[in-house]
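Note that this is a predicted model, so its numbers are computed, not measured. Just follow the structure's listing: the first ligand is 1, and inside any ligand the first atom is 1.
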Amino acid sequence: MNVLSQGRCAVFREPTGPSGVAIEQRPRTSAASGMVAVEIRSAALNHLDLWVVAGAQRVAPPRVLCADGAGVVAEDPSGRWRPGDEVVVYPVSCCWECDACRAGQQVLCPRFGILGEHTDGTACELLHVPARNLFPRPPGLTWEEAAAFPLTFLTAWRMVVTRARLRAGETMLVVGAGAGVAAAAIAIGRHLGARVLATSRSPAKRQRAADLGAEVTFDSSGFSEPVRQASRGGVDVVFEHVGPATLPESVRSLRRGGRLVFCGSTSGVRAELNLPRLFFGQADLLGSTMGNAAEFEEVLRAMGQGLRPTVDSTYPLEDVRSALERLDHAEQFGKVTLRVSA
Ligand SMILES: [Zn+2]
């Protein structure tokens, strides 16, 4: 049950960054048993796509980009979906059959992967995807918003809700607020009724974080002291994806018994930690990647209650290189999306 990208596709060809991506035409075929063919309306880029096109993920080209997509069902041999049904794609590839998958722990599947990295992706006109990867498009979301939320909101939801168990009235610090996953974390924290603080190097991004509901924002250098002052001695939860550049300050920002949850390390893969601060502080360090199908359904329910992604910008599929460059220059706030068809 391999995910297949067909029609016009944005294809990673050479590990040279955005210039190594080309638009190609692939033949269209009928959906195999267990698969559904979806006409993609909108796809969204993630930082992951930049790593893929730079060769950092050791993905062998050719590979169609993007984990995130939303569109209209064209064909479902099983009859579960009807042509015209509007859907969003759960961006995880897994076997759906092993003990972990059957227990609803798709993130623990030995064949766990991400669309656009381990399989072909959503930056295409027609996507063949397992029926179990499809969910109804939440009402009230534009196509861009429907494509913008899956990976980042699924990742942030598992981190904030399942792993860090943030509760109403608690305080969460979101580090590096400009990233898509961080903007999702701010929105989810506010949705849960928590108090949210945020950091960013960029004054413009601090303003955007405040607009999303962050109560106080801080510059990225030396933020732990002002964070501790703003939270009466430290926050309950720190949301991290930056890694070595911010981790020591993030640990110093925790209250006693606080939880630090992290999904990435964009500033490098090795970090030094002050261990006494962690054990005397009774701290939890929680790693997390992506999320389960049931968590995706929780995100969909929250979208129905008003949770919304932030769309930074939209490019036609043909301009995928410009879209990748915008992401590469780190000027965006929220998601960079691709319009595939009207
Ligand atoms: Zn499995």
Open item on the list: Which label fits F135 and Y90: parallel for a plane angle under 30°, tilted from 30 to 60°, or perpendicular past 60°?
Closed with: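 Geometry flag for Y90 against F135: perpendicular rings.
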- [ ] Using side-chain contact (heavy atoms from CB on, under 4.5 Å) as the criterion, list what pairs up with L108, not counting sequence neighbours.
- [x]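 A100, Q105.
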Open item on the list: R321: which residues meet the salt bridge (charged side-chain N to carboxylate O under 4.0 Å, His left out) condition with it, sequence neighbours left out?
Closed with: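 Once residues adjacent in sequence are excluded, R321 has no partner under the salt bridge (charged side-chain N to carboxylate O under 4.0 Å, His left out) criterion.
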- [ ] Any chance you could lay out the salt bridge (Lys or Arg N to Asp or Glu O under 4.0 Å) test for E97 and R132, step after step, and finish with the verdict?
- [x] CA-CA 12 Å; E97 304 292 342; R132 282 173 284 200; 3.6 Å; yes
Donor-acceptor contacts, no H, no angles, side chain residues 275-287, under 3.5 Å, sequence neighbours left out:
none

TODO: Everything protein-side that's N, O or S and under 2.8 Å from the Zn ion (ligand 1): list it, residue and atom.
DONE: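 Short answer, with waters excluded from the count: C95 SG, C98 SG, C101 SG, C109 SG.
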Task: Ionic contact status for D236 with R167, cut-off 4.0 Å - done: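 Looking at D236 together with R167, the answer is no, because their closest N to O distance does not fall below 4.0 Å.
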